[in-house]
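Everything numeric in this text was worked out from a predicted model, so none of it was measured. As a basis for the values below, the full set of heavy atoms in this structure was taken, side chains included, without hydrogen atoms, waters or symmetry mates.
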Amino acid sequence: MTPTLSVRCSRVRHVPITVFGGPTVLIEYGGLRFLTDPTFDGPGDYELPGGLVLTKTAPSPITPEELGPVDAVLLSHDQHADNLDTSGRGFLAGVPLTLSTHDGARRLRGTVRGLSPWASVDLPRPDGGTVTVTATPALHGPEGAEAIAGEVIGFVLTSDDLPTVYVSGDNASLDVVRQIADRFGPVDSAVLFAGAPRLPVFDGALVVLDGAGAAAAAQILGARRVVPAHCDSWAHFTEDRDDLVRAFTSAGIADRLHI
């Protein structure tokens with residue numbers, strides 16, 4: 001089934017979260033605007049090393065100009081076009097800060113700052129408070145995938161008077177989710193990258209969560225709200241939002257899913 005792309009917005013308490021297709025999500029937190037993995041290109045093909053081609057199937061529903069100013073980009077990783085496409089790379093030049101992996105910071109340079117898992121950075125809020133962004137581990141494929149997939153991270157947003165928000169990035173490991181739950185759980189909102197992409201280089205193993213995995217992650221995290229991303233607009237995704245709804249319904253937690 002080809003998913004219908006539209007802008008989806010969930011607003012619960014203090015944290016508005018808007019999904020713009022693929023992995024690109026706007027999180028308004030503590031008066032700051034955070035954007036994940038910017039992808040603004042139209043449909044097209046992107047060739048990766050080894051001859052693998054990723055095909056974008058739908059345009060972004062918003063342009064950078066329509067999006068407006070962003071205080072920081074939370075970039076899971078830069079090495080795959082379905083997380084940072086050509087327009088997304090150009091967008092980074094106008095953002096005061098991008099947080100990503102150390103390898104990504106070396107490749108992208110500019111205002112990109114690399115973080116190791118569990119490292120954090122404090123950002124001043126307009127009201128005088130502080131938002132802490134903590135990098136979290138992520139495994140982009142089966143065990144041992146790092147040698148092929150490269151470095152990937154997720155993020156947790158915390159502030160004294162705000163609920164915790166977790167952004168998974170491209171993660172396929174529930175063991176990683178358990179580590180995050182041990183440190184930060186329960187989380188209020190989880191932006192979970194899904195779509196069940198499978199690639200021949202990993203013999204068809206998941207490289208990001210499927211619907212069942214996302215439902216399990218929600219339960220591990222104790223997440224009250226789950227906003228799915230990374231589940232449309234690319235041909236190598238094998239599941240869409242309908243599959244997520246079925247998985248969360250089967251797990252008895254459909255009320256947590258906001259799409």
* Take T39 and D85, measure what side-chain hydrogen bond (donor to acceptor under 3.5 Å, both in side chains) needs, and give me the verdict at the end. => CA-CA 5 Å; T39 53; D85 61 15; 4.6 Å; no
* Between L74 and V133, does a side-chain contact (heavy atoms from CB on, under 4.5 Å) hold up when you go through it step by step? -> CA-CA 9 Å; L74 307 178; V133 183; 4.0 Å; yes
* Check step by step if side-chain contact (heavy atoms from CB on, under 4.5 Å) holds for V131 and Y29. => CA-CA 8 Å; V131 171; Y29 192 83; 3.8 Å; yes
* May I have the step-by-step check of side-chain contact (heavy atoms from CB on, under 4.5 Å) for Y46 and T86, ending in yes or no? => CA-CA 10 Å; Y46 302 82; T86 303; 4.1 Å; yes
* To do: With side-chain contact (heavy atoms from CB on, under 4.5 Å) as the test, would you mind laying out the steps for Y166 and V191 before giving the verdict?
  => CA-CA 6 Å; Y166 166 56; V191 179; over 6 Å; no
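Within the 4.5 Å cutoff, no side-chain heavy atoms of C231 are placed close to those of D240. E28 places none of its side-chain heavy atoms less than 4.5 Å from the side chain of V15.
Closest heavy-atom contact between G154 and A138: N-CB, 4.2 Å. The heavy-atom pair separating I17 from S189 by the smallest distance is CD1-CB, 4.2 Å. Nearest heavy-atom pair across A172 and L206 is CB-O, 3.8 Å. The two atoms that bring A190 and L221 nearest to each other are CB-CD1, 4.0 Å, heavy atoms only. The two residues A214 and L192 come nearest to each other via the heavy atoms O-CD1, 3.5 Å. Of all heavy-atom pairs between P38 and L75, the closest is CD-CD1, 4.3 Å.
Between the side chains of S116 and H102, at least one donor N or O sits under 3.5 Å from an acceptor N or O. Checked by atom type, the side-chain pair D170/S76 shows no donor-acceptor distance below 3.5 Å. Under 3.5 Å, the side chains of T164 and T158 contain no donor-acceptor pair of N or O atoms.
Taking a cutoff of 4.0 Å between a charged side-chain nitrogen and a carboxylate oxygen, D188 and R224 qualify as a salt bridge. Between K56 and D41 no salt bridge is recorded (no basic side-chain N to carboxylate O distance below 4.0 Å). Using a cut-off of 4.0 Å between Lys/Arg side-chain N and Asp/Glu carboxylate O, R125 and D161 are scored as salt-bridged.
Cluster membership for F237 and V53, using ILVMFWY side-chain heavy atoms within less than 4.5 angstrom, is not shared.
Ring pair F91/F40: centre-to-centre distance below 6.0 Å.
Residue L35 is tested with L92, I27, L67 for a side chain to side chain contact (heavy atoms under 4.5 Å, CB included); the sole match is L67. If you run ring-ring contact (aromatic ring centres under 6.0 Å, His included) between F193 and each of H80, H230, H140, only H230 comes through. Each of I259, V227, D232, T36 was scored for a side chain to side chain contact (heavy atoms under 4.5 Å, CB included) with V19, with one residue passing: V227.
In this structure D82 satisfies the salt bridge (charged side-chain N to carboxylate O under 4.0 Å, His left out) test with no other residue, sequence neighbours excluded.
Atoms CZ and OG1, from R109 and T98 in turn, are 15.0 Å apart once rounded to the nearest 0.5 Å.
Using modelled atom types, one side-chain atom of T63 and one backbone atom of E66 make a donor-acceptor pair closer than 3.5 Å. Here the side chain of T101 pairs no donor or acceptor atom with the backbone of H77 at under 3.5 angstrom. Of the possible donor and acceptor atoms, none in the side chain of T55 sits under 3.5 Å from a partner among the backbone N and O of H236. Of the possible donor and acceptor atoms, one in the side chain of R256 sits under 3.5 Å from a partner among the backbone N and O of A223.
Around the CG atom of D160, the shell of radius 6.0 Å holds no more than 12 heavy atoms that belong to other residues, nucleotides or ligands.
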